[in-house]
Amino acid sequence: MTDAKHKISHNRELLFVAFLVLGAVVLQGCHDWPDERGTAIEAQNILRDIGRVNAVADPNIPRPAVYQSAPKKIKQVVGGAEEWKLVYFCRYHTAENMKQIIHEQFATQLFNQKGQSTTIQDYTVTANPATNQLIVRCPLESDIDSVLEIIKETDIPPIQVKIECLVSELYADLTVDRETSVMIQNLFGEMAIGGEPTNEYLAFPGAALRDPARQKFGLKVGVDQGEEGHRIMALVDILVSRGYLKILMNPTLEVVNGQSAKIQSKQHLPLQQVTVQSGGFGGTPVLRTQTEYYDIIDQLEITPHVYADGYIGLETQVQIAAHMTPEGISQMPIVTERTITNKDNRIRIGESLIIGGIRKSEKRDVIRGVPILKDIPGLNLLFSGRDFEERATEVIFILTPTISTGGKPNEDIVNLMQERHSSPMTQALHEAVMDPLGIKAREQEQERKVEAAHEAQMQSEAEKNAARLEAMETGQQIQDLSAELQEAKVQVEQASTKADQAVSAAEAAKAQAEQATAEAQQAKTEAEKAKAQAEQAGKNAAEQPEQKATPQEPPAGQSQEPAPQQETPQGSSQEAK
């Protein structure tokens, strides 16, 4: 008996071994059977290859020598006439922009009698975007020189602005909701009030009118008293909720002066489900549900303008959209869009511009109930419902523009990305295997401390140098002010001397004027005296009688001659005059 059992057990073992061998052969011949170990290895290899961040082998590859060549002036004869051409590789701006500048500076516009403008060009400008090359054709070499002079003055390095954006959005709400159902049967005979106090039939609903999901929440307190025929049932559903939401975004923009940069976030959200009726077979209407979608777009667009006095103007346009909870009895969701446009502003480099501060506070309090009974304290819980909601939102944009350094080294960016994308578990396991005693970790920590101390020292030296330069600038400003003050003193002294000279000259002129006045007075006095004398002489002459001389015979031997006439007093008066 024992030998028979032993034989049966041995046969079973042989049968099991044969089954294993047959299964191995069959699986070996079936190439489609998955190998979990090989699949896991291949998946790990793919994940490792895709997750690897490779650095650029040699990022500082020099440009071709032809792009560094100087502008070329070429003289050609086309159609029997000489012309000049300029070939220029644009260094800091695109060829299209430089073409537009040259066209606006050298084109000639003529206007006909109807006021229509006609552009006359004695030159040709061609832009090659592939090589950022500019080709200008002019009839004279002097025209080429003028174009080249304008190009050299305008093709200069543009300023690149780095804008740190800080967006803060705050939201908080407080809701208090009370819903009541009351049913009274046969209180006084056949008197009945209310209906069945269930969630589907509320005598005094609250927020359930706005949100059907409200019926699933809240503290429900009720009472059921009385026998069949005389029954009082009441159910009070109370819900209080408080919540807040904080969103903080910190994007960074790099944009060339005068160009626009945009950050946009879009969400394609379903708003509501609409039932659409369409015809079916045999005129039977078919109802189907269709979901409508709406794009919720948050957008920030900035255009910087750098001025020569060290200020920056930021032309901004902000759009904020939100999908709010359903409101009202119709249960229609609300989509809001808020837009801020700010065009003209000036801030210093490194300072922050605050845009927005959009604050919105809403309060809603609705009480529904039986008149008079809803105003009785305590009893109003059974004969009224309340829907109270208070919410507040605020959105602030803080923009800080600085002059960009032009990028970061590729090696630093690669290390940063590798650190961010590395797995914490894999990294910890690798460090535990490769550095069980933590020597490398201590060395790295020591290097980090040394580097931090070096950076602190460099920053301290930079601050000292800045303070020293500021002190030197302040001293120079003091010296300049002292020199200006001394110059002002000299000018004041000179002005005072000139004023004294002017006063002396005025006094001399005054003395001369007084002397002239005295002489004139004396001359006037003498003239009046002479006049008086003349008048007195004339009066004396008029008072004396005229004496007529009697004729006498001359003695013998003498000829008779007329006596000379005497001078009259009138003649003497005239001479006196």
Side-chain angles (χ1 to χ4, degrees), residues 169-188 190-227 230-247 269-273 294 296 320-338 358-395:
E169 184 172 359
L170 304 177
Y171 171 85
D173 65 345
L174 169 63
T175 61
V176 178
D177 183 48
R178 185 180 71 249
E179 299 180 339
T180 306
S181 297
V182 179
M183 184 186 70
I184 301 177
Q185 294 179 352
N186 298 331
L187 180 59
F188 301 103
E190 298 297 330
M191 181 179 179
I193 299 176
E196 187 70 21
T198 62
N199 289 337
E200 298 179 359
Y201 303 97
L202 294 173
F204 308 106
L209 291 177
R210 296 185 295 108
D211 193 353
R214 159 69 181 88
Q215 301 176 3
K216 300 179 181 179
F217 305 98
L219 175 62
K220 299 174 178 59
V221 180
V223 61
D224 185 0
Q225 293 182 354
E227 299 177 354
H230 300 280
R231 190 175 183 183
I232 299 176
M233 298 181 63
L235 179 63
V236 180
D237 188 357
I238 301 176
L239 176 64
V240 178
S241 66
R242 294 183 177 88
Y244 69 90
L245 173 66
K246 293 183 179 181
I247 300 176
L269 298 179
L271 286 186
Q272 59 182 347
Q273 291 184 347
Y294 191 86
I296 308 298
I320 304 173
H323 178 212
M324 303 178 66
T325 57
E327 294 185 357
I329 300 177
S330 59
Q331 293 294 293
M332 295 295 293
I334 296 178
V335 176
T336 62
E337 289 185 0
R338 291 164 287 180
I358 302 179
R359 287 185 172 186
K360 185 178 180 181
S361 179
E362 298 179 0
K363 286 185 179 182
R364 180 177 55 249
D365 194 356
V366 180
I367 297 178
R368 306 176 183 89
V370 179
I372 300 176
L373 296 180
K374 66 180 179 60
D375 299 327
I376 301 176
L379 194 61
N380 59 351
L381 296 176
L382 300 178
F383 295 95
S384 66
R386 184 184 183 188
D387 180 11
F388 173 81
E389 182 175 3
E390 180 180 2
R391 63 175 60 181
T393 60
E394 181 182 14
V395 181

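This is a predicted model, so every value here is computed, not measured.
- Using a cutoff of 4.0 Å between basic side-chain nitrogens and carboxylate oxygens, E389 and R391 are scored as salt-bridged.
- At a threshold of 4.5 Å between non-hydrogen side-chain atoms, the residues D365 and R386 count as touching.
- Using a distance-only test at 3.5 Å, with no hydrogens or angles considered, no donor-acceptor pair links the side chain of D387 to the main chain of V366.
- Using a 4.5 Å heavy-atom threshold, the side chains of R242 and V240 count as touching.
- Atoms CG and CZ, from D177 and F388 in turn, are 12.0 Å apart once rounded to the nearest 0.5 Å.
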